[in-house]
Asks: 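Sharing a structure below in C-alpha cells format, with a few things to ask.
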There are 2 protein chains.
Amino acid sequence: MADNGKKLDPRILRTRKLIESSFLELLEEEDFQSITIQDITDRATINRSTFYAHFDDKYMLFDHIIRQTFMQSIKSKVLLSAEFSMNNLRSLIIAVCDYLTRLNWQYRPTDLQLKPVIETQVQSQLYKILFNWIKPLETDFENLNPSSELTASMLSWSIYGIGLQCSQLGELISVEEVADQALDLLSGTLFSSPSFESVEMA
Amino acid sequence: MADNGKKLDPRILRTRKLIESSFLELLEEEDFQSITIQDITDRATINRSTFYAHFDDKYMLFDHIIRQTFMQSIKSKVLLSAEFSMNNLRSLIIAVCDYLTRLNWQYRPTDLQLKPVIETQVQSQLYKILFNWIKPLETDFENLNPSSELTASMLSWSIYGIGLQCSQLGELISVEEVADQALDLLSGTLFSSPSFESVEMA
DNA sequence: CGAATTATGTTGTTAAAACAACAAAGGATC
DNA sequence: GATCCTTTGTTGTTTTAACAACATAATTCG
C-alpha cells in the first residue's frame with residue numbers, strides 16, 4: 001500500500017528516519033505544542049531548513065507519524081494481503097484497539113488538538129484496508145448491494161469507534177470480548193447483504 | 001589534545017560517527033580481516049565511496065578507532081589537564097590496564113596483525129599525555145637531566161608494558177597491586193632525577 | 001594453473017543537506 | 001500598545017554524499 005517503487009536516495013531515507021525517531025522521542029518527553037522544529041532537527045543532527053524539504057510543518061509530520069506507526073502496528077498483527085473474513089476482521093478490530101490504547105498511554109493526552117488528527121489518519125487508513133478487502137466481493141448485482149465504498153466507510157468508522165471505546169475504558173474490559181460483541185453486531189448487518197453470503201464465521 | 005577548533009560540517013561528524021559505530025559493531029561480530037568496506041558502509045547507511053573521503057582504508061579506520069576509544073577511556077578515569085603526580089601516574093597505569101584488558105575480551109584475539117597497531121597507537125598517545133605532564137617540570141639545568149622527551153618515551157613504553165602484562169594475566173591479579181609495584185620501581189628511577197624532587201607520593 | 005568472482009580504490013557528475021540571511025508571525029513582558 | 005525575543009517559513013549559494021563507471025588487486029573455485 002503506497003509502496004513507492006522508485007529507489008529513494010539513501011540520504012532521504014536516513015534524514016526522514018532521523019526526523020521521525022527524534023520526534024517520537026520528544027513526544028514522550030514533552031507536549032506536542034512545546035516541541036519546536038529546532039528541537040526536532042537538533043536531535044536529528046540535521047539542519048532546520050532540511051526539515052522543510054521533507055515536511056510542510058509539525059502537523060504534517062504528526063500526520064505522517066500516526067499513519068506510519070498505525071500501519072506498522074496493524075501489519076504486525078493482521079495479514080492485509082489476505083482476503084476478507086470474519087477472523088481477519090476480528091484481528092483488525094483487536095489491533096486497532098491495541099494501537100489506540102497504546103497511544104493513550106504513551107503520549108500525554110493533554111493535547112486535545114491531536115485527537116482529530118489521529119481520528120482522520122486512522123479512519124482513512126482503515127478505509128483503505130477494508131476497501132481492498134471488500135472490493136473483490138462485489139457481485140454483479142451492483143444496484144442491489146450497498147457499494148464497496150459505503151460499506152468500507154461505515155465499517156472503518158465503526159471500527160474506529162470500537163477502538164476509541166476500548167482505549168478509553170482501558171484495562172477495565174477485555175479487548176477480545178469487545179471485538180466479539182462488535183462482530184456480532186456487524187455480522188447482522190453484513191450478512192443481510194448478498195455480497196457477504198460466502199463469508200462465514202470460523 | 002588535538003581539539004580541532006574549526007566547526008566541522010554536521011554531515012561530516014554524522015558520517016564519521018556512523019562509520020565508527022558500524023565498525024565497532026562489526027568488530028564484535030566477526031574478525032577484522034573478514035570485514036569489508038562495503039559491510040561497514042552498508043551498516044552505516046552511507047555510500048562506499050564516501051568512506052574513502054574520510055579514511056584511507058580499513059587500517060586507518062582501525063588506527064583512528066583505537067586512538068579514539070583509548071583516549072575516551074583514559075579521559076573518563078584520569079584528569080589529563082592536571083599536573084604530574086604519583087597519584088595521577090597511578091590512575092593512568094590502572095586506566096591503561098583496564099583498557100587493554102577490555103580490548104582483549106571484547107574483540108577476538110585471533111587477529112595477530114592488530115596487536116602492533118594497538119601498540120603503536122596506545123604508546124604514542126601515552127607519550128603525548130606524559131610529555132604534557134613532564135614538560136612543565138623541566139629545570140634550568142637541562143644538560144644535567146634526562147630530556148622530557150626521553151623520560152616520556154621511557155615511561156610510555158613502561159606503562160604500555162604494564163598494561164600488556166595485566167591484560168594477559170587477566171583476572172589472576174589485582175590491577176591496583178600491579179600498579180603499586182610498578183610505581184615503586186618507577187619512583188626509584190624518577191626520583192634520582194632533579195626534575196622530580198618536588199613530586200611526592202600521596 | 002587459469003577463469004570467475006569479489007573487494008579495493010579512484011573519478012566525474014548529480015542530488016541532497018548545510019548554511020546564512022531574510023521577512024514575517026506569534027508570545028511574552030513592561 | 002510598543003518592544004523584545006523566539007519561532008516559522010523561504011531562498012540562493014556552498015559543501016558533502018550518492019551514484020555509476022572504471023581499472024586494478026586479491027580470492028575463490030573448478
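As the structure is a prediction and not an experimental result, all values here were calculated from the model. Numbered from 1 within each chain, the chains take letters A, B, ... in sequence-line order.
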Asks: One thing to verify: whether R43(B) and E29(B) come together as a salt bridge, which I'm taking to mean a side-chain N less than 4.0 angstrom from a carboxylate O.
Replies: yes
Asks: Looking only at the side chain of T50(A) (C-beta and beyond, no hydrogens), which of the listed nucleotides dA17(C), dA20(C), dA18(D) gets closest?
Replies: dA17(C)
Asks: In whole angstroms, how far is the C1' atom of dA23(C) from the OH atom of Y52(A)?
Replies: 14 Å
Asks: Between I12(B) (CD1) and dA18(C) (C1'), how many Å, whole number?
Replies: 10 Å
Asks: Using the six-membered ring wherever Trp is involved, compare the ring planes of W133(B) and F84(B) and label them parallel, tilted or perpendicular (cut-offs 30° and 60°).
Replies: perpendicular
Asks: Go nucleotide by nucleotide along DNA chain D from the 5' end; which of R16(B) and S49(A) gets its closest nucleotide reached first?
Replies: S49(A)
Asks: Can you tell me whether the side chain of R11(A) and the base of dA17(D) have a donor-acceptor pair closer than 3.5 Å?
Replies: yes
Asks: Rounding to a whole Å, what distance do you find between Q38(A):CD and dC5(D):C1'?
Replies: 14 Å
Asks: Tell me: CD1 of I46(A) to C1' of dA17(D), nearest whole Å?
Replies: 15 Å
Asks: I'd like to know whether the aromatic ring centres of F32(A) and Y59(A) sit less than 6.0 Å apart in this structure.
Replies: yes
Asks: Does T15(A) reach a base, just sugar-phosphate, or nothing at all? Heavy atoms under 4.0 Å.
Replies: sugar-phosphate
Asks: Rounded to the Å, how far apart are D9(B) CG and dT16(D) P?
Replies: 5 Å
Asks: If you look at every strand shown and take non-hydrogen atoms under 4.0 Å, does T45(A) touch a base, only sugar-phosphate, or nothing?
Replies: sugar-phosphate
Asks: Does a side-chain N or O of R14(B) approach OP1 or OP2 of dA18(C) to a distance below 4.0 Å, or not?
Replies: yes
Asks: Starting at the 5' end of DNA chain C and moving along, which residue's nearest nucleotide shows up first, Y59(B) or A53(A)?
Replies: Y59(B)
Asks: Would one find a side-chain N or O of H54(A) under 4.0 angstrom from OP1 or OP2 of dA16(C)?
Replies: no
Asks: Whole angstrom is fine here: how far is it from CZ in F55(A) over to P in dA16(C)?
Replies: 15 Å
Asks: Quickly work out the R48(A) CZ to dT8(D) P distance and round it to whole Å.
Replies: 7 Å
Asks: Closest approach of L164(B) and L100(B), non-hydrogen atoms and distance?
Replies: N-CD1, 3.7 Å
Asks: Take the protein atom CG of N47(B) and the nucleotide atom P of dG12(C), then report the distance between them rounded to whole Å.
Replies: 17 Å
Asks: Checking S156(B) side chain against A152(B) main chain: does a donor-acceptor pair fall under 3.5 Å?
Replies: yes
